[in-house]
Undergrad: 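My questions all concern the structure below.
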Amino acid sequence: MKMSRNFLISFALLFPAAVLLIAFTFYPTVATLIDSVYSTPRGRRPAAFVGTGNFERMVADPVFHRAFINNLIYAAVVIPVSMGLALAMALLVNARIKGRGFVRLAYFTPTILPMIAVANIWMFFYTPDYGLIDQFLRLFGWGGTNWLGQSSTALWALIVITIWKLAGFFMIFYLAALQQIPPTLLEAATLEGANYFQRLRRVILPLMMPTTLFILINAVIEAFRLVDHVIALTRGGPNNSTQLLLHYIYQVAFNFWDTAYAAALSVVMLVLLGLIALFQFGFLDKRIHYR
Amino acid sequence: MSNNRASKGTELAVNLLAWSLALFWILPLLFAIWTAVHPPSYVGRFDLFSPLTLENFIRVWNAAPFDRYFLNTFMLVTFVVISQFVICTLAAYAFAVFPFRGSDWIFMVVLVQMMVMPEVLLVRNYATISSMGLIDTIPAIALPYLASAFGIFLFRQAFKSVPKEMDEAARMEGAGPLTILWRVYVPLSKSTYLAYGLVMVAYHWNNFLWPLVVTNSATTRPITVGLQVFSTVEQGIDWPTVTAATLLSVSPLLIAFLIFQRQFVQSFMRSGIR
């Protein structure tokens with residue numbers, strides 16, 4: 001009896017959320033999968049079933065290869081470096097330093113700036129002749145480099161921007177975790193003669209493992225989701241050296257209006273995110289266990 | 001705290017490290033501010049006595065409808081956050097207080113949205129919005145984000161920590177489910193609402209890709225898209241103008257952040273503790 005009452009109330013309460021989730025998450029996910037095996041309708045020619053045609057095209061598409069490899073390089077650098085810096089920042093802010101408020105503010109401020117504004121600020125920072133980096137390097141006679149304008153450095157220039165934006169964000173989570181470590185544990189370790197780095201390795205880091213996993217998942221998402229700066233600064237160029245997956249999807253869909261191919265590209269992203277989700281559920285299950 | 005011999009030197013090193021990293025971190029922003037408050041002819045020169053000016057900001061303000069962009073962003077953020085509060089509260093209440101067979105399973109399905117975020121589905125969502133005739137409207141920017149799995153998750157956590165006795169006491173007095181939600185659960189979860197609200201204000205104030213795709217006129221563009229349109233139209237070389245426009249567009253959130261720094265930081269902390 002109680003069961004059915006709960007069900008009716010729940011049904012009513014969940015209704016608005018369910019409609020929106022179905023309309024903008026579940027239906028589009030399924031529709032994207034279906035679109036990916038059809039051709040793009042053009043003019044009076046409707047979409048036709050092409051099977052794996054879009055995926056075969058993807059396998060042969062050098063721009064997709066470039067975007068995929070770039071995104072892997074981008075993720076492989078951004079994720080560990082921003083997380084490592086975040087941990088260092090949290091430990092520094094948590095230590096007894098002077099002007100802690102200002103230091104924390106300096107680290108955290110990039111987090112609340114929109115990526116598009118961050119891109120503008122860094123575009124100026126990077127620009128030859130006027131930019132601060134170029135002015136500094138000119139003192140050593142290395143001026144004149146167009147960091148964003150040449151394929152050998154452009155992706156790295158974007159990587160630096162992303163790390164700048166994300167490290168302070170991740171620092172906050174580490175800071176929260178650090179403040180929850182019972183001081184008695186650290187005192188006990190100190191009494192047994194553990195130095196700072198031993199305490200870090202044996203006590204602090206193991207206790208922050210759940211936080212590290214949480215940040216890791218966030219970092220992976222951001223490494224595939226954040227392309228605002230690509231649109232603002234390079235549009236994937238020069239020579240596709242800064243092409244990332246989501247940006248390529250955006251270009252194919254809204255510059256070339258090839259929606260079927262964009263759907264096939266989206267499927268690749270969905271599979272990637274699905275794999276990460278599986279990992280997360282495995283991890284969440286463990287956490288629920290000891291809650 | 002511990003051994004005093006090495007601590008003096010260590011303390012100095014830690015301070016030095018923390019401060020140099022902080023200065024390095026804030027440098028790009030300071031450089032942009034420096035450029036924006038000096039006349040265009042002083043670009044890239046570091047003369048401490050070069051004249052200060054607000055002219056760049058005034059020129060920018062008059063060159064594009066920034067007042068309209070701010071209004072659009074303000075309406076968007078207000079609409080998104082209020083709708084999310086209502087929709088996620090109801091859903092979280094169902095999951096936390098009225099479990100039924102399979103509700104845990106449905107909750108897991110809802111959590112999928114944390115991974116499959118609207119950005120990945122933007123091609124298909126554009127088609128949906130277009131078929132609804134909503135292209136270039138503020139609801140179009142908001143719709144994909146309204147049923148936030150993250151919000152449902154946080155509110156469910158908060159509601160679950162509300163003591164059962166308070167719920168039962170209210171029920172004894174004859175209060176219905178919605179009255180109990182409004183009188184007991186919501187007031188006791190205030191800090192979660194503040195945390196989630198601030199994080200979402202920052203997220204949607206700064207959101208760019210989806211708004212870029214679904215808007216195409218000044219009457220709906222939020223400030224981020226407006227800034228991008230402004231910065232690319234032949235302004236590429238005029239650095240004082242670009243930096244002034246950038247700072248202008250981030251100033252409301254930046255000022256709010258500086259004033260409510262503690263709440264912001266604690267909100268972000270809280271949203272991460274799960």
Side-chain angles (χ1 to χ4, degrees), chain A residues 3 6-7 9-10 13-14 16-17 20-21 23-25 28-29 31-32 89 92 95-98 102-103 105-109 112-117 120-122 124-125 129-130 132 135 172-173 175-176 190 214 225 227-228 232 246 249-250 253-254 259 262-263 266 269-270 273 276-277, chain B residues 2 14-15 17-19 22 25-26 28-29 31-32 35 43-44 87 90-91 93-94 98-101 103 110 112-113 115-121 123-125 128 143-144 146-147 152 177 202 206 208-209 213 224 227-228 231 239 242-243 246 249-250 253-254 257 261 265 268-269 272-273:
Chain A
M3 209 65 149
N6 273 7
F7 180 77
I9 296 176
S10 272
L13 290 171
L14 288 173
L20 285 162
L21 280 172
F24 294 103
T25 300
T29 304
T32 300
M89 285 171 167
L92 285 172
R96 282 181 305 167
I97 53 162
K98 297 214 162 53
F102 170 80
V103 171
L105 182 72
Y107 296 161
F108 187 70
T109 302
I112 59 147
L113 302 177
M115 194 48 161
I116 207 75
N120 280 344
I121 289 170
W122 276 86
F124 181 44
F125 207 59
D129 298 334
Y130 297 118
L132 200 60
Q135 294 203 21
I172 289 296
F173 301 125
L175 209 49
T190 312
F214 169 76
R225 186 189 75 91
V227 295
D228 302 1
L246 185 57
I249 295 174
Y250 163 77
F254 298 103
T259 48
S266 305
M269 287 272 297
L270 286 172
L273 291 170
I276 301 163
Chain B
S2 50
V14 168
N15 268 293
L17 197 62
W19 273 85
W25 222 247
I26 205 77
L29 192 59
F31 186 50
T35 307
V43 174
I87 291 162
L90 294 178
Y93 189 44
F98 301 101
F100 55 93
R101 205 157 70 182
S103 72
V110 168
V112 168
Q113 198 241 8
M115 273 294 153
V116 186
M117 54 291 206
E119 282 77 13
V120 186
L121 301 167
V123 181
R124 198 62 228 190
N125 280 343
T128 306
L143 272 172
L146 295 188
I152 296 173
N206 295 342
F208 173 72
L209 185 59
V213 167
T224 46
L227 173 65
Q228 168 63 6
S231 306
W239 291 114
V242 172
T243 50
T246 305
S249 65
V250 302
L253 201 61
L254 198 59
F257 168 65
Q261 205 206 127
V265 171
F268 274 81
M269 276 186 180
I273 305 170

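Residue numbering restarts at 1 for every chain, and letters A, B, ... go by the order of the sequence lines.
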Undergrad: Determine the option with the most heavy-atom pairs under 4.5 angstrom with chain A, choosing from B/T246, B/T128, B/I152.
TA: B/T246
Undergrad: Checking heavy atoms, do the side chain of B/P177, its backbone, both or neither come under 4.5 Å from chain A?
TA: side chain
Undergrad: For a side chain to side chain contact (heavy atoms under 4.5 Å, CB included) with A/L21, tell me which candidate from B/V112, B/V110, B/L146 qualifies.
TA: B/V110
Undergrad: Given that the side chain runs from C-beta out, which part of A/L246 has a heavy atom under 4.5 Å from chain B: side chain, backbone, both or neither?
TA: side chain
Undergrad: When rounded to the nearest 0.5 angstrom, what is the spacing between CE in B/M117 and CE in A/M269?
TA: 6.0 Å
Undergrad: Are side-chain heavy atoms of A/V227 and B/L209 found at a separation under 4.5 Å?
TA: yes
Undergrad: Could you go step by step and tell me if A/Y250 and B/V213 meet the side-chain contact (heavy atoms from CB on, under 4.5 Å) rule?
TA: CA-CA 9 Å; A/Y250 163 77; B/V213 167; 3.8 Å; yes
Undergrad: Checking A/A23 against chain B: side chain, backbone, both or neither under 4.5 Å from a heavy atom?
TA: backbone
Undergrad: Indicate yes or no: at least one non-hydrogen side-chain atom of A/L270 is less than 4.5 angstrom from one of B/L121.
TA: yes
Undergrad: In terms of heavy-atom pairs under 4.5 Å, which option from A/N120, A/T109, A/L20 contacts chain B the most?
TA: A/N120
Undergrad: For chain A, which candidate among B/A32, B/A18, B/P118 shows the most heavy-atom pairs at distances under 4.5 Å?
TA: B/A18
Undergrad: Considering only heavy atoms, which portion of B/T243 lies under 4.5 Å from any heavy atom of chain A: side chain, backbone, both, or neither?
TA: side chain
Undergrad: Tell me the closest heavy-atom pair linking B/V250 and A/A117, and the distance in Å.
TA: CG1-CB, 3.4 Å
Undergrad: With a 4.5 angstrom heavy-atom cut-off, which part of A/A95 approaches chain B: side chain, backbone, both or neither?
TA: side chain
Undergrad: Using side chain to side chain contact (heavy atoms under 4.5 Å, CB included) as the criterion, list what pairs up with B/A94, not counting sequence neighbours.
TA: A/S10, A/L13, A/L14
Undergrad: Determine whether a donor-acceptor pair (N or O, by modelled atom type, separation under 3.5 Å) exists between the side chain of A/N6 and the backbone of B/F100.
TA: no
Undergrad: To the nearest 0.5 Å, how far apart are CG in B/L17 and CD1 in A/I97?
TA: 9.5 Å
Undergrad: First locate atom CG of A/D228, then atom CD of B/E119, and finally report the distance between them rounded to the nearest 0.5 Å.
TA: 8.5 Å
Undergrad: Backbone N or O of A/I112 within a donor-acceptor pair of the B/N206 side chain at under 3.5 Å?
TA: yes
Undergrad: Take the angle between the ring planes of B/W25 and A/Y107 and call it parallel below 30°, perpendicular above 60°, tilted in between.
TA: perpendicular
Undergrad: Between the side chain of B/N15 and the main-chain N/O of A/K98, is any donor-acceptor distance below 3.5 Å?
TA: yes
Undergrad: Give the minimum heavy-atom separation between B/T224 and A/P114, together with the two atoms involved.
TA: CG2-CB, 3.7 Å
Undergrad: As a quick check of understanding, evaluate side-chain contact (heavy atoms from CB on, under 4.5 Å) for A/T32 and B/V123, giving each step before the final call.
TA: CA-CA 8 Å; A/T32 300; B/V123 181; over 6 Å; no
Undergrad: In terms of heavy-atom proximity below 4.5 Å to chain B, should A/F254 be classed as side chain, backbone, both, or neither?
TA: side chain
Undergrad: Of the non-hydrogen atoms in A/A106 and B/A22, which two are nearest, and what is the gap between them?
TA: CB-O, 3.7 Å
Undergrad: Between A/L273 and B/M115, what is the shortest heavy-atom contact and its length?
TA: CD1-O, 3.5 Å
Undergrad: So which of B/A202, B/P144, B/S103 has the largest heavy-atom pair count under 4.5 angstrom toward chain A?
TA: B/P144
Undergrad: Do the side chains of A/I121 and B/F31 get nearer than 4.5 Å, heavy atoms only?
TA: no
